[in-house]
There are 4 protein chains.
Amino acid sequence: MAPLNEEQLHQIRDERRDQIMGAAIKVFAHRGIAGTKMSMIAAEAGISHGLLYHYFKSKEELLTKLVEEAMAGAEDAISSIYRLPGTPLEKIRAFSMEMLDESGAPYFMLIHQVRTSDGVPEKVKELIAHYNMDRFIEYMLPLFVEGQQAGEILPGDPAELISAYLSVLSALMVLNVQALGGYRMPKVDMLLRMIACL
Amino acid sequence: MAPLNEEQLHQIRDERRDQIMGAAIKVFAHRGIAGTKMSMIAAEAGISHGLLYHYFKSKEELLTKLVEEAMAGAEDAISSIYRLPGTPLEKIRAFSMEMLDESGAPYFMLIHQVRTSDGVPEKVKELIAHYNMDRFIEYMLPLFVEGQQAGEILPGDPAELISAYLSVLSALMVLNVQALGGYRMPKVDMLLRMIACL
Amino acid sequence: MAPLNEEQLHQIRDERRDQIMGAAIKVFAHRGIAGTKMSMIAAEAGISHGLLYHYFKSKEELLTKLVEEAMAGAEDAISSIYRLPGTPLEKIRAFSMEMLDESGAPYFMLIHQVRTSDGVPEKVKELIAHYNMDRFIEYMLPLFVEGQQAGEILPGDPAELISAYLSVLSALMVLNVQALGGYRMPKVDMLLRMIACL
Amino acid sequence: MAPLNEEQLHQIRDERRDQIMGAAIKVFAHRGIAGTKMSMIAAEAGISHGLLYHYFKSKEELLTKLVEEAMAGAEDAISSIYRLPGTPLEKIRAFSMEMLDESGAPYFMLIHQVRTSDGVPEKVKELIAHYNMDRFIEYMLPLFVEGQQAGEILPGDPAELISAYLSVLSALMVLNVQALGGYRMPKVDMLLRMIACL
DNA sequence: GATGAATGAGCATTCATTCAT
DNA sequence: AATGAATGAATGCTCATTCAT
């Protein structure tokens, strides 16, 4: 009966969804939640605004899906650190470079926008609440302890070290999206001095 | 009975303007440029929205004035560094603590909002363009050179050191406005490790 | 293997049309003209909205066809009165019971919706204009006169009697579609008291 | 401080509200709930649609207020029956004439629209549920019983008599708003034959 | 100076309709 | 014939701005 088979339809839908979400994160990150108009997203994705609503019931749903994806991505990024080669400090170094290479910046930017915007729906705020730095600290704790035992990383409360270091990384990512205003991204080795034994 | 004289009227006017600008920066910083409604500012300032327009011709003018103030304030903050006591590194340390104590955060936040928002009027963008980090680097250059000569600060291109360090400071200020999400502001001494000889 | 012949295709087509019109009148009657979305009709009929447009060029055409059918049906119902058994009053009694048994209510409801909705296309309004009560009065006139001569029906202008009585019948049908709000359909004998000699 | 005093402002607001509600009930009654656009109400009231939202937060709120008013009005109308002069049947006669004189028709029409439209917000539906005919039956019960004892009104369950009679009255009001299609409002005396001893 | 009623441009969302498959 | 992706006009609602008082 169906003129296009199930699979073709599914593929179209998936492609469109990705296309829209890609456009949306770009616009949200740059213009803020309230500053982003659905028509901008549609234009960026090259479709009509009507079609946008065929795929996402509302601006809120689109934002929610984006945040969910961002959080899953962040978790992925952090958890990948153990698969990197070398000593703990080398792993952290490689991880830091990956973070700062800007490809994930829109996601961090989006989360920052959500976090600092008061006009965001409660549901999205809740999602973000789970994206607590504590989860990431837990992930990295064994690595930092190992580094401290190896004499590579500064002594002291490792949770505090991690939190401070990740805060700086996150902050730089948020700030640097557009490399405007003369900000210059610090070299990774400079950042590592904050936590490494020299 | 006698009507207020010229000067008194002027003073009331100035107070009102300050009151409004104080309210405005708070709201802008938290809700973003587009997310901030004139009525929110009026409510925050405790006046009618009609009165807002007696003091500022438009949202754009208010934003412009705010950005101008923010830029002047930033310049003040940076230039004050030479009036602080101690060695160059001690001056930088004191300056850093002042920056991070959050009192100036809304201004940095505002500037960040303006910088990363595409929907901001061109005129305001131009203002911001002047607020180039290069000016601040120039200000701090003698201090860093002095510190390097004293062996307190790492060798290497001082302009790059300053730029990187200020980027981190700015980034943390922007990120930290609400201290949400488990981010913990790093200790100043940890940040100083990025630039100091240990 | 052999493709369906002309006639079979035609029959399928007719069945589909009936299926759609049946769904449409239900939805129109319950939700009003403007409140009825094409997608609702498609869902009620169990087909895609795309297919709807294979059978009816537009919402307006569908509504028009429905109104035409409703009017033909009403005429049938009225004209059938002479085929009923018994004295004039008995015929009227049987006819009244048939009307009120609710099966034809959606049609009356639809006509009422069209009549009282200002947003209906002019073409449909014109159709309705023909469905004037005067036609029905003409139909029933001989019957009422006969009843008056037999002393069963009140004396006086028979056209006025008919008009009033049919108005009450129509009104009750329109009102009663959903039997909500505690309205209770009056017994037919009670209604007949309006026109009958007791 | 205030340029217009409290009272003047209040008066303006009240007038505007009445003006809007008057316009709204007219449009809702004629075009149905879904068929009524806020812009139509604004146009009917002779104001901008922006001002409409100054007075009523949403279409739903406006509809709710209208229904509340309609229900209060209906209760008033029914309860006023005891203040009419004459025997029970005479009271009922006077009451019926008042009902049918069309001034209250838009309210009945509105309630009918709400009752038969599926797209109406739940909150409004609940309001209507209270406007149950049972309440009105209770009101009129003593009057009908008195009429039966006086031999003016038919014997039998008075609640059923009332319910049936009020159903007919309501139905006629709903049907007759525009006196279209050749419907002719029956004379009150004809309607009274349904319940009166002759 | 101060207020809030009033306006209208702009944005989120819905829905009739078209069309490629 | 049948489906659902795609479009855009229309509608509810918000908000910057103006203005009478």
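We name chains A, B, ... by the order of the sequence lines, and we start the count at 1 in each one.
- Here D:E61 pairs with D:K57 under the salt bridge (Lys or Arg N to Asp or Glu O under 4.0 Å) rule; sequence neighbours left out.
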Show me the donor-acceptor pairs within less than 3.5 Å that the side chains of residues 32-40 of chain A make with the rest of the protein, sequence neighbours left out.
{"from": "A:T36", "atom 1": "OG1", "to": "A:V27", "atom 2": "O", "distance (Å)": "3.3"}
{"from": "A:T36", "atom 1": "OG1", "to": "A:G32", "atom 2": "O", "distance (Å)": "2.7"}
{"from": "A:K37", "atom 1": "NZ", "to": "A:A34", "atom 2": "O", "distance (Å)": "3.2"}

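- Within residues 43-59 of chain C, the residues that have a heavy atom under 4.0 Å from DNA chain F are, in order of number, C:S48, C:H49, C:G50, C:L51, C:H54, C:Y55.
- Comparing D:M38 and C:R16 along DNA chain F, the residue whose closest nucleotide (by nearest heavy atom) sits nearer the 5' end is C:R16.
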Walk me through whether D:E7 and D:Q11 qualify under side-chain hydrogen bond (donor to acceptor under 3.5 Å, both in side chains). CA-CA 6 Å; D:E7 195 181 336; D:Q11 191 190 330; over 6 Å; no
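- B:E68 is linked by a salt bridge (Lys or Arg N to Asp or Glu O under 4.0 Å) to nothing, counting only residues two or more places apart in sequence or in another chain.
- DNA chain E lies under 4.0 Å from no heavy atom of any residue of residues 60-69 of chain C.
- D:A70 meets the side chain to side chain contact (heavy atoms under 4.5 Å, CB included) test with D:Y107, D:I111; sequence neighbours excluded.
- Every side chain to side chain donor-acceptor pair (under 3.5 Å) that B:R16 has, sequence neighbours left out, goes to B:Q19.
- Applying the side chain to side chain contact (heavy atoms under 4.5 Å, CB included) rule to D:E126 yields the partners D:E122; only residues at least two apart in sequence or on another chain are considered.
- Consecutive Watson-Crick or G-U pairs involving DNA chain E, each under 3.5 Å on both distances, make up stems of three or more pairs at E:2-21 with F:2-21.
- Every residue meeting the side chain to side chain contact (heavy atoms under 4.5 Å, CB included) condition with C:H54, not counting sequence neighbours, appears here in chain and number order: C:L51.
- Note: CD (A:E15) to C1' (F:dA5) measures 13 Å, nearest angstrom.
- With rounding to whole Å, D:R13 atom CZ is found 16 Å from E:dT3 atom P.
- Here salt bridge (Lys or Arg N to Asp or Glu O under 4.0 Å) pairs that include residues 43-54 of chain C, with residues two or more places apart or in two chains, are C:K26-C:E44.
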